[in-house]
Every structure is written in C-alpha cells, then in structure tokens.
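Here the structure is laid out as structure tokens; the discussion comes afterwards.
One-based numbering, in listed order, for ligands and for the atoms of each.
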Amino acid sequence: MTRARRSVAGGRSKRRPAVTEDQELLDSDHNNGAWIHTDPWRVLRIQAEFVDGFGALAELGPAISVFGSARTDPDDPYFQLGQSVATGLVNAGFAVITGGGPGIMEAANKGAFKAGGVSVGLDVELPQETGLNDFVNLGINFRYFFVRKTMFVKYSQGFVVLPGGYGTLDELFEALTLVQTGKVSASPVVLMGVAYWAGLFDWLHERVAADGNIALTDVNLMTLTDDVGVAVQIMADAQSASSL
Ligand SMILES: CC(C)=CCNc1ncnc2c1ncn2[C@@H]1O[C@H](COP(=O)(O)O)[C@@H](O)[C@H]1O
C-alpha cells in the first residue's frame, strides 16, 4: 500500500502530461466522456448502487430469494413449481426476491404477484438484455453483479433454488459458502427439483465430502424436496426461530 502510494507520487513529479488533470476535469468535451470509464469514478457509481439498493429494500420485511434458470419456458413443470412455491411463500408472509428476468425468475415473481405479495426483481445489466418481467412490483436495476448479489443475501432470510445453469449454481454456492463460513446466520437453503439436483447431491456426498473437502454437515445445509408445503414450512420455521 505504502509502496504504491510512493510510486504514484514519484511518477507524478516527473511527468509532463500532454493533458493536465485540470484540463481533464474542466474541459468537458476534452476526451469525449472517456473519464466516466475510469475506476475512481466507478467507485462512486458502485457506492450509488449500494445506496439505491439499501434505500429501496430497507423496509422490505421477511423475504426469500428464489433462484433458477433464465431459460425455463412457461410450459415447463419447473416454471409451475417456481410459481407455486412463490405463492406459498407470500401466503406465509414473505416477500419474494428474484433476478427479475425470464424463466424461473418470472415464474416466482408471477406466483408472488398474483398472490398479492411483494414481488422484487433485482435486474442486472447484461449483454442479452431482457429487462424486468411483468410480475415485479418492486424492481431495481443494477450495473454490477456483485452489488446485486449483496442485496439477495442481505435481504433474504432463506433461499429456494430451482433447476438452472451457471448463474443459478453461482447463486446457490454463494449462499452455501456464506452459511458454511458463518457470514450469514443460518439461512435455510432448499433445492426444488429432486430429479435435477440428485446427481449434484450424490457427488457432494460421495466425492466432495468423502475427499474431506467439505463436512457432511455442509451437505446437510441443503434440503432437497419437490413439496411446496415442505419448502415453505422450512422457511417459516427458520423465521420463527430467528425471531424468538
Ligand atoms: C435468456 C437470458 C439468458 C436472460 C438473461 N437475463 C437475466 N436477467 C436477470 N438475471 C439473470 C439473467 N440471467 C441470469 N440471471 C441470474 O442468474 C440466475 C439464472 O442463471 P442461469 O440461467 O441458471 O445461468 C438467476 O437466478 C438470476 O439471478
């Protein structure tokens, strides 16, 4: 840290810049807006995203994040499962948080919205922009993935994970790592779609835990079920236990 500071100061004293910092600051069209792409400025944008997110979600109340594929069609049985579990969660007093996009996100937002609940969509800027689905009634747009991921974790009391790809796996393992390391107080993680997740579950037992890379108790941080009632009850029980 100290070394980096010294080298910046040393560099500055010798430099004869073609364009001064003052010019860059004051000459608005000097570099055609390139200044906006510099990292120090990005820090302020990142900060602004945290401020916006915290402000929008501060009064959300108990909520569960539902993760799952962006590619699930509305006629897929997992879409129906996502919708049903979200309805159950709303009926149990939870808001539902998703990534706000299509597929399972839309299913969960639809279930929450139609049940009259708070249906949160934390959308993120992506090359294949899809925008918020039609069933979000509290939507926030993020530029930065990691800021958005903080919001899922900070404002959820539990996680329901339906079948999905890399995005879903990333969200699942982030939740598990935070629970495993005690960075969040015990938040239930429920995997729905037993047939889909069974292979991963077996591999975690038979390879990852057997090789000693995780404990068996780490595998047991997850509950595998297709039963909406069971999933909702796990979330409700955890919520009652935490408010004792
Ligand atoms: C059709 C398509 C690729 C749309 C992308 N639009 C998206 N909009 C919002 N969140 C997303 C999107 N894609 C991935 N995610 C995030 O990653 C997860 C799904 O990724 P995947 O499809 O399993 O890997 C979701 O829970 C969501 O939080």
Any N/O pair Pro102/ligand 1 closer than 3.5 Å: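 For ligand 1, there is no N or O atom that lies under 3.5 Å from one belonging to Pro102.
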Polar proximity ligand 1 side, Ala70 side, N/O cut 3.5 Å exclusive: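 Yes, since at least one N or O of Ala70 sits under 3.5 Å from an N or O of ligand 1.
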Shortest heavy-atom approach to atom 15 (N) of ligand 1 - which of Met105, Glu106, Lys149: Met105
For ligand 1, the portion of Leu126 having any non-hydrogen atom under 4.0 Å away: side chain
Side-chain cluster (under 4.5 Å, hydrophobic types only) that Phe113 belongs to, other residues: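 Members alongside Phe113: Phe135.
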Salt bridge (charged side-chain N to carboxylate O under 4.0 Å, His left out) between Lys110 and Asp134, intermediate numbers included: CA-CA 8 Å; Lys110 188 173 179 184; Asp134 291 338; over 6 Å; no
Enclosure of Phe146 CZ (heavy-atom neighbours >12, cutoff 6.0 Å): yes
Centroid separation Phe152 to Phe67 less than 6.0 Å: yes
Identity and distance of the protein heavy atom lying nearest [atom]:
atom: atom 10 (N) of ligand 1; answer: Arg148 NH2, 3.0 Å
atom: atom 24 (O) of ligand 1; answer: Gly167 N, 2.9 Å
atom: atom 4 (C) of ligand 1; answer: Thr130 CG2, 3.5 Å
atom: atom 28 (O) of ligand 1; answer: Glu171 OE2, 2.4 Å
atom: atom 3 (C) of ligand 1; answer: Gln128 NE2, 3.6 Å

Using a strict 4.0 Å cut-off to heavy atoms of [X], name the atoms of ligand 1 that fall inside it.
X: Thr168; value: 18 (C), 19 (C), 20 (O), 21 (P), 23 (O)
X: Gly68; value: 18 (C), 19 (C), 25 (C), 26 (O)
X: Gly99; value: 9 (C), 10 (N), 28 (O)
X: Ser69; value: 22 (O), 23 (O)
X: Gly164; value: 23 (O)

Spatial distance of atom OG1 (Thr223) from atom CG (Leu191) [nearest 0.5 Å]: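 Answer for the OG1-CG pair, Thr223 versus Leu191, is 8.5 Å.
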Gap between atom CG of Leu126 and atom CZ of Phe142 - 0.5 Å precision: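 It comes to 13.0 Å.
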Identified side chain to side chain donor-acceptor pair (under 3.5 Å) counterpart of Asp123 within the set Asn133, Asn141, Thr130: Asn141
Any donor-acceptor N or O pair under 3.5 Å, side chains Ser119, Asn137: no
Listed partners of Ile214 passing side-chain contact (heavy atoms from CB on, under 4.5 Å), at least two apart: Gln180, Leu204, Val208, Ala209, Asp218, Val219
